[in-house]
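Numbers restart at 1 for each chain; the letters A, B, ... are given by sequence-line order, proteins then strands. Excluded from the calculations below are hydrogen atoms, water molecules and symmetry mates; all remaining heavy atoms, backbone and side chain alike, are included. From a predicted model like this one, the values you see are computed outputs, not experimental measurements.
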Amino acid sequence: MYWLYKTEPEECSIDDFASTPDKAIIWEGVRNYQARNFLRAATLDDLVLIYHSSCKLIGLAGIARVVKTAYPDPSQFNPGSIYFDGKSKTEQPRWSAVDLVFVEKFPALVPLDKLKRSSKLEQLALVQKGSRLSVMPVQPDEWQVMLAMAKQE
DNA sequence: GCCAACGTTGGC
DNA sequence: GCCAACGTTGGC
């Protein structure tokens, strides 16, 4: 399966993946139920487009791969974490995390407005008005369209 | 920094 | 179960 995950690059960017290519990075802190459900649907070796948001250069930055499927997000139990959730119980964790590893960084970032201008990406939640979903599925044809954009620059 | 759109909370 | 108030997201 294919996915798109949003991240603020100051928090976790494609360069963080690229600088530690052999290290699994935990994708934690997702605190939205719809996004969480998509996280839980990931299977081993799924590919993930890494999208940089809330920053100067907004768009697709590269690709990562799922190396560990959903497990309880440890940050929900850590009172020192900004992601701490006191209402989540150990015996029934509310939030999930996955582990990702670096695959590639695009030679040039694919900007959001370019994604918006493609008629083939209209179904993608990312480009829909008001959408705040941070973890979303990508259809195979959408994946191909976005990869082609990444290669041609 | 602004603000529209959205999700969550909590009183009723 | 409704819905107003509030907090958050995220592009601009």
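Side-chain atoms of Lys6(A) lie closest to dG10(C) of the nucleotides dC12(C), dG7(B), dG10(C). Taking every side-chain heavy atom of Arg132(A) into account, dG7(C) is the closest of dG11(C), dG10(B), dG7(C).
Put simply, the side chain of Ile25(A) does not reach to within 4.5 Å of the side chain of Phe102(A), judged on heavy atoms.
Spacing between atom CD of Glu8(A) and atom P of dG10(C) amounts to 7 Å, rounded to whole angstrom units. One interatomic measurement links the two molecules: CG of Leu115(A) to P of dG11(C), which rounds to 11 Å at whole-angstrom precision. Counting to the nearest Å, the P atom of dT8(C) and the OH atom of Tyr83(A) are 13 Å from each other. Here the P atom of nucleotide dG10(C) and the CG atom of Leu112(A) are 12 Å apart, to the nearest Å. The interatomic distance linking Glu11(A) (CD) with dG10(C) (C1') rounds to 15 Å, in whole Å. Protein atom CG of Leu109(A) is 14 Å distant from nucleotide atom C1' of dG11(C), rounded to whole Å. Note: CZ (Arg31(A)) to P (dG7(C)) measures 19 Å, nearest angstrom. The distance from atom CE of Met136(A) to atom C1' of dC6(B) is 14 Å, rounded to the nearest whole Å.
When only modelled atom types and interatomic distance are considered, Thr43(A) and Asp46(A) share a side-chain donor-acceptor pair under 3.5 Å.
Between Lys129(A) and the phosphate of dA5(B), there is a side-chain N or O to OP1/OP2 separation shorter than 4.0 Å. Within the 4.0 Å cut-off from OP1 or OP2 of dT9(C), not a single side-chain nitrogen or oxygen of Tyr51(A) is found.
Glu8(A) places no side-chain N or O within donor-acceptor distance of the main-chain N or O of His52(A), the cut-off being under 3.5 Å.
Nucleic acid contact class of Lys116(A) (heavy atoms, under 4.0 Å, all strands): sugar-phosphate only.
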Exercise for the section: Given side-chain hydrogen bond (donor to acceptor under 3.5 Å, both in side chains), test Arg132(A) with Ser53(A) step by step and report yes or no. Expected result: CA-CA 11 Å; Arg132(A) 307 193 326 199; Ser53(A) 72; over 6 Å; no
